[in-house]
Every structure is written in structure tokens, then in C-alpha cells.
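Reminder, nothing fancy here: chain letters follow the sequence lines and each chain counts from 1. What you see is a predicted model; the values in this text were computed from it and never measured. Excluded from the calculations below are hydrogen atoms, water molecules and symmetry mates; all remaining heavy atoms, backbone and side chain alike, are included.
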2 protein chains.
Amino acid sequence: MNLKELAAKLGLSPTTVSRALNGYPEVNEATRERVVSAARRHNYRPNARAIRLATGRALAVGHVIPLDTRSEIMNPIFSDFIAGSGEVYSRNGFDMLLSIVPDELEESTYRDLMSRGTVDGVIVHAPKTNDPRIRTLKDLGLPFVVHGRSTGADLDYNWVDVNNRRAFQRATEFLLDLGHRRIALVNGLEVMDFAVRRRIGHTDALHARGLEPELRLMSSTEMTEVNGWRAAEAALSQPEPATAFLCASMLQGMGVRRSIEGRGLKMGRDISVIIFDDDLSYLRNGEDVPIFTATRSSVKEAGKLAAEMLLAVINQPESPPQHRLLEAELILGQSTGPAPAF
Amino acid sequence: MNLKELAAKLGLSPTTVSRALNGYPEVNEATRERVVSAARRHNYRPNARAIRLATGRALAVGHVIPLDTRSEIMNPIFSDFIAGSGEVYSRNGFDMLLSIVPDELEESTYRDLMSRGTVDGVIVHAPKTNDPRIRTLKDLGLPFVVHGRSTGADLDYNWVDVNNRRAFQRATEFLLDLGHRRIALVNGLEVMDFAVRRRIGHTDALHARGLEPELRLMSSTEMTEVNGWRAAEAALSQPEPATAFLCASMLQGMGVRRSIEGRGLKMGRDISVIIFDDDLSYLRNGEDVPIFTATRSSVKEAGKLAAEMLLAVINQPESPPQHRLLEAELILGQSTGPAPAF
DNA sequence: TCATCTTGCCAAAACGGTTTTCACACCGGT
DNA sequence: ACCGGTGTGAAAACCGTTTTGGCAAGATGA
């Protein structure tokens, strides 16, 4: 059943039917009723392809997920992020398009999405420092929102981000207050912008107390359990081993815990651990009582906010760049305690 | 730059240009060259919206992810699955559309996708026993492939699945051979079809050795770390505690390990653990040496196969239903050993 | 009373491609 | 000279909407 057929059945022109259904004022209220009920009765759904062509809008937004071809690691936060944003899209009648592309094809993917008109805007995931995508997208004129920020980009752009620097600064201060002096940083890959910010927050806190960050206690890897374990093994087998760990993710934290317990030590008593908790739906940090002390910020919420921002930008392309900085909360779990006396 | 403009620039009709670019035979090879190079030079990309309308194809497939509104848990395997399928789509010029919808809206989502013509087919995720979606999709005539199977559906349909029954049967046999007699099953939610099959595999293996499955050692929950820990706590604090665990996922296995180590026991020596390993990119089971003994089957590979099957079905709608049953491999890790002597 | 607005509707033209139909030139064979 | 096939390209129809530009009838105002 298409518009023309429906119009014929009603003895009206397609124009009037279209207007009636889309709430235009120039149609008699009685007629509108008649049209709406007939549409419902015949189960009429306007063809999305035709609408898109006629209106020149894609009614869709793209999420381009870069896939590092070497590591092949999907960012595990990604599914929660789109769970948050997907809801916003469907509420607004937008489709969510996903492209998983190898790193090096990402720019051409944007160009393609733009010139073929498949999307009205995109979300940029996992920005690196000095990320070239921002420039590209600005030049293309494709509306976009970055999840995170990119240090070094001298342009202004839309973003939603967590205050990563502050979160790690606070976490470090917390450990220092507990008496820890040898704090290992188990960071994410520091090509990623968020990881750099986290390291800065950490070292800032150390400096503020007159301490020098120790390179031997810092690692920067992909945020997996195994890498967390490795980092902990390294930091714990030194002559002056770490007494506390600051981890960029729950998975790394779990790896650190494995290392601690594998040595017959007890997390929270012998060694303290703080993680950054993205509040992933399938990786909850305990239920009633948190397992890990953590700086927490929901990535699903970030997805929701980013999607809302993007839709706003699409509707108001000339509006000035928008920013949203979320603060992570510091929640107390069982994984931290006073530094053991020597 | 659109087709008409390009044609004008070349002094040709839009028809000829279209044909030249789409490889139709009735155009002079010299003309084609001229057209193709001009298209490249002017960076011409056909408008996807127009193509879709003209051809009546959506050039897109949908992945509808049901979101249980109570638990709000995203299935963690999902991101790897689409990493696999996404690659296939983009290689074939298809878009991947994601809808995250509350359980109860799922059917209407399919109806909508179909009647508005936004997709040419869909992948059905996380089938339950007797899943009503299969009937719905058959009736709608929308091509689909199920990731998994649905016991009880008397219709034939396209699916890609792992031999879950066999995997758990083999794992159980392996533990029995090691001398274990009290094996705890830490299963997924048994509304899910795959979980039922796994339980059957497990109990089949027990029966074959003349053993009765013990309900007190079986749990069926969402596959999270915390739930794994809980199940282990329960199974280990019984008067006759379990000596081995069979877990439906890596995360549950990690929870079980936490419980074991929290009791000062050692996994692999005191208590054996086997997991089902989906080979998730961000949850690798160790690197060189697997941490867990596991039945492994790559969910990313399954995504790839499902996508290929779906595209085939879309191109050949009248073909008979296709099936693909993958076998999980049993890999030996450090988490299993002979049952401790009493 | 006549010009001017509203109101409610319609026909036709977009949107940007594909596909079908048709015209024409050229060629070889009779 | 006629005919049929073939290679090449143009013109027109079509996909299913929205949008633009009328237009008749009735209401309003001077």
C-alpha cells in the first residue's frame, strides 16, 4: 500500500493525504481524521526510501568504528555506548548505521557516507591525540560529535567526554592519602587521547605532593585482562614493588587481581587497586557492594548524550560547537586500604 | 555532482553514463573509459537515496538487538559478532543497520523495517526456545538468518549455530575422565535456546556414565562475572562441594576463579574449571598459553558466516533454507587437572 | 457590490538515479 | 535496392514521497 493507492481509495490527491498524515495545517480536520484512520486501517507505512530522496535527508546517523587491523580488538565499551545512543535515535525516527572499517579506510568512509548521502551526521569514536578525522569532517561539512576529545586539534568541535584527567588525579590523591607511595599506572594505549589525559591527571597528583612518577611502574597497553595481569606481574616483581594500582579499565583490574592473588596476596589488604569503571552492563563492578574502588562514569549515558547532541547539531547546523564534560564519581569498594607498613 | 551534471559535462545522456558506470554491455569501450575517468576526476558518487528508490532495494541489512528492559544487559558477544558481519557487508556494498529495541517492541520493529523498506533482510540475535520472531519473519517474507536455533519452531529457516550440546558434552566427558564426579554447571539463562542445549549436552554426558545430574550444582543466570562468583560460592559451600565447574562464558569463569582464590584454593589444582570461550577480541583466553581449558568457537567467525548467508538469501530468495553448524574445539588450559583424592 | 483573503484541495514538478523503449546509423547478405 | 541484425545512444517512464504553485468557493472588509 503506497501513498497513491491510499489516496485513490480515499478519493483524494496524494498531496492532501501526505499533508494530512504529516500534520500540515492546510487540511480540513474532518478530512485528516478520515485519512489517518484509513492509513491505520490499511496499515500504510510511508516508504522510507522515497522520503529520503524527496526530503534530501538520510534520517540516519553513522557510527564508524575503527578496527585496528593488527590487534583486531573491538573496544568493549562500544556496545554499551550504542545501547545508549540507539535509544535516542529510535525515539527520533533515525536509523543507526554502523561501519566497521580498518583504520586506514576511515577517512574515505566518511567521504563516502557524506557524498552518497547515507547519513546526516556521524559519531567519532576513540579519538587519538591530533586526530586527523576532525579536520576531515569539518572540511566535508558533515555534522559530527566526538566521543572524547583530541588534544592538538586547534579547531572547535562538538564533543561529549568524561573528565579523565580529574578522575585519575582524584584516584591518585586517594591512594596517596592512604599512604601509598609506589602507585603503578596500568593505562590504556597512549595514542588514545583519553589515556594521555589520564596519565596527566595521575602525574599531576604526584607532582602536587612532591613525588616523581616512576616510569618503571607505568604501562600503556590495550585494555585487556591479560595485559593487566602482565603489567601487575612486572610491577610486583621489582625490588621495590608497587603497593597500589591505578587501572584504566575493569578488565585490566581483573588481570591485576589475578596477579595479586596468584602471589598469595590479598587485594585491598596487601595491594590496593582502583579502576576506571565504565559501568558496562555486562561488567558490573559488583552489585550491592562494589568489588573495586573505582572512578565511575556510565558510557551508556555518554552515548545517550552524544546522540542527543548530534541530533541537535543536525537540526541546527549553524549552531556553535557544543561541549559536555562529565565528571566521574569516586566510589569506594573493597579493593583499597592503607598502605602496608614496612 | 550528480548524474545529470556529469552527463552534461561529457556531452552524453544520463542513460549512457549510468550504463557505462554500471558495466552494461551496450556501451562502447572507449566511451566507458571516458565516463569512468571523468567520474573519478569529478569525484562523482551516485546518490544512495536515489539508487535505493529506483532499484527498490535497501542495500542494507538490519541487526535487531533485543534489550531486556529489566536487566538492561547488552550481550557482550554482540560487538564481536557485528565486527565479523560488518566486514562482509561493507565488502558487498551493504549498510548495516542497528536497532536496539526493548524486548516487547521487537516484532513491531521487524514489521516496520519491512514495510518501510529500510532493510533487505535481518539477522536474528539471541533466539529463545520457541521464539515467536521466526514465525513473524516467515509471515512477513523478510529474509533472515538466525544466530543460533530455536527449539520448537516447526518451520525450517536459515541459521548459523555452534554445536552447543556437543561442546558441553565433550567438556563434561573430559572432566569425568579426570575423575571429577561433582561438576557444577554455571549456565546462561535457560530461556535462551543455546543454554538449554548446553545443559542437555552436560546431562547427556553424565547419564552416559550412569550419573545423575544434581540440581544443587546447577545455576542458570545472566552470564556476568558476579553471577559466576555467586554460583561458585553456592557450589563450594555445600557439604559435598563441587570439584569442577563448567561455565557458559569467560566472564562467569572469571567469577568462579575469584571465588576459588578467595577461599585460598588454586584453580587447576584444587578445583577444575572449563569455560565456553567465544574468542572475543577483548576477552582473550590468555595469549600463548590459555588460562582456561575451554570449548572455543569464534563468535566473530559466526558473524561473518551469518552475514554471508544472509546476503546469499537476499540474492536468492527462493533458495531452500540454509544451515551451518560449527563445532567448538576443546583447548587445554591451566584450569583443569585430576580430581583431588579424598 | 466588488476586491481581497482564507480555506481546502489538486496537478505537476521536483528528488537523482535505473530501466525500458525507441531511433538511427552502419553493415553484410541477398 | 531491400532486409535484418547489431552497436550505440537518446528519450521517457518509473520508483514513492514532498513541495510548489495554482484555483475554486466561501468568508471578509470597504
Side-chain angles (χ1 to χ4, degrees), chain A residues 1-36 38-39 42-60 93-95 112-120 315, chain B residues 1-36 38-39 42-60 93-95 112-120 315:
Chain A
M1 171 70 47
N2 62 25
L3 189 65
K4 211 186 297 182
E5 290 164 13
L6 183 61
K9 241 186 239 307
L10 283 162
L12 290 170
S13 78
T15 314
T16 307
V17 176
S18 167
R19 285 184 169 148
L21 292 173
N22 292 313
Y24 281 73
E26 57 269 79
V27 40
N28 187 312
E29 210 40 56
T31 315
R32 187 195 307 283
E33 298 268 304
R34 210 157 62 86
V35 171
V36 167
H42 291 96
N43 228 305
Y44 167 73
R45 297 249 182 298
N47 183 302
R49 299 190 285 260
I51 292 182
R52 291 188 227 261
L53 179 58
T55 59
R57 309 184 60 189
L59 293 174
F94 271 67
D95 286 337
D112 227 58
L113 287 175
M114 176 69 179
S115 53
R116 314 179 59 117
T118 30
V119 301
D120 296 317
N315 287 327
Chain B
M1 169 71 47
N2 62 24
L3 189 66
K4 210 186 298 184
E5 290 164 16
L6 183 62
K9 242 187 240 307
L10 282 162
L12 291 171
S13 80
T15 316
T16 306
V17 176
S18 170
R19 282 178 171 155
L21 292 174
N22 292 313
Y24 281 73
E26 55 269 78
V27 41
N28 188 314
E29 212 39 57
T31 314
R32 187 194 308 281
E33 297 270 304
R34 209 158 61 87
V35 171
V36 168
H42 292 95
N43 229 304
Y44 167 74
R45 297 249 180 298
N47 183 303
R49 296 191 285 261
I51 292 182
R52 289 187 226 262
L53 180 58
T55 60
R57 309 185 59 189
L59 293 174
F94 271 68
D95 285 338
D112 226 59
L113 288 175
M114 176 69 180
S115 53
R116 313 180 59 116
T118 28
V119 300
D120 296 317
N315 287 327

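- Following rounding to the nearest Å, A:Asn22 (CG) and D:dG16 (C1') show an atom-to-atom distance of 13 Å.
- As rounded to whole Å, 16 Å separates atom P of D:dG16 from atom CG of A:Leu21.
- Using a 4.0 Å heavy-atom cutoff across all strands shown, B:Arg19 reaches at least one base atom of the nucleic acid.
- Heavy atoms of A:Gly11 sit under 4.0 angstrom from primed sugar atoms or phosphate atoms, though from no base atom.
- Remark: B:Asn43 pairs with B:Arg45 by the side chain to side chain contact (heavy atoms under 4.5 Å, CB included) rule, at least two apart or across chains.
- Legend: residues meeting side chain to side chain contact (heavy atoms under 4.5 Å, CB included) with B:Arg32, ordered by chain and number and at least two apart, are B:Ala20, B:Val27, B:Glu29, B:Val36.
- Within the helix from C:dT1-D:dA30 to C:dT30-D:dA1, the inter-axis angle between the opening and closing five-pair segments is 60°, rounded to 10°.
- OP1 and OP2 of D:dA11 both lie 4.0 Å or more from every side-chain N or O belonging to B:Ser13.
- Qualifying side chain to side chain contact (heavy atoms under 4.5 Å, CB included) partners for A:Asn315, counting only residues two or more places apart in sequence or in other chains: A:Arg57.
- The side chain of B:Asn28 places no N or O atom within less than 4.0 Å of a non-bridging phosphate oxygen (OP1 or OP2) of D:dG9.
- The nearest heavy atom of DNA chain D to B:Leu53 and to B:Thr15 marks one nucleotide each, and the one closer to the 5' end goes with B:Thr15.
- The listed nucleotides are D:dA10, D:dT20, D:dT8; the one nearest the side chain of B:Leu12 is D:dA10.
- Taking every nucleotide of DNA chain C with any atom under 4.0 Å from a non-hydrogen atom of chain A, the first and last of them, 5' to 3', are C:dG8 to C:dG16.
- Across the protein-nucleic acid pair, B:Glu26 atom CD and D:dG9 atom P stand 11 Å apart, rounded to whole Å.
- Using a 4.0 Å heavy-atom cutoff across all strands shown, B:Ile51 reaches sugar-phosphate atoms only and no base atom.
- Between A:Asp95 and B:Arg116 no salt bridge is recorded (no basic side-chain N to carboxylate O distance below 4.0 Å).
- One finds a side-chain N or O of A:Tyr24 lying less than 4.0 angstrom from the OP1 or OP2 phosphate oxygen of D:dT19.
- Under 4.0 angstrom from either OP1 or OP2 of D:dT19 there lies no side-chain N or O belonging to A:Thr55.
- For the residue pair B:Ser18 / B:Thr15, no side-chain donor-acceptor distance below 3.5 Å is found, with atom types taken as modelled.
- Applying the side chain to side chain contact (heavy atoms under 4.5 Å, CB included) rule to B:Ala54 yields no partners; only residues at least two apart in sequence or on another chain are considered.
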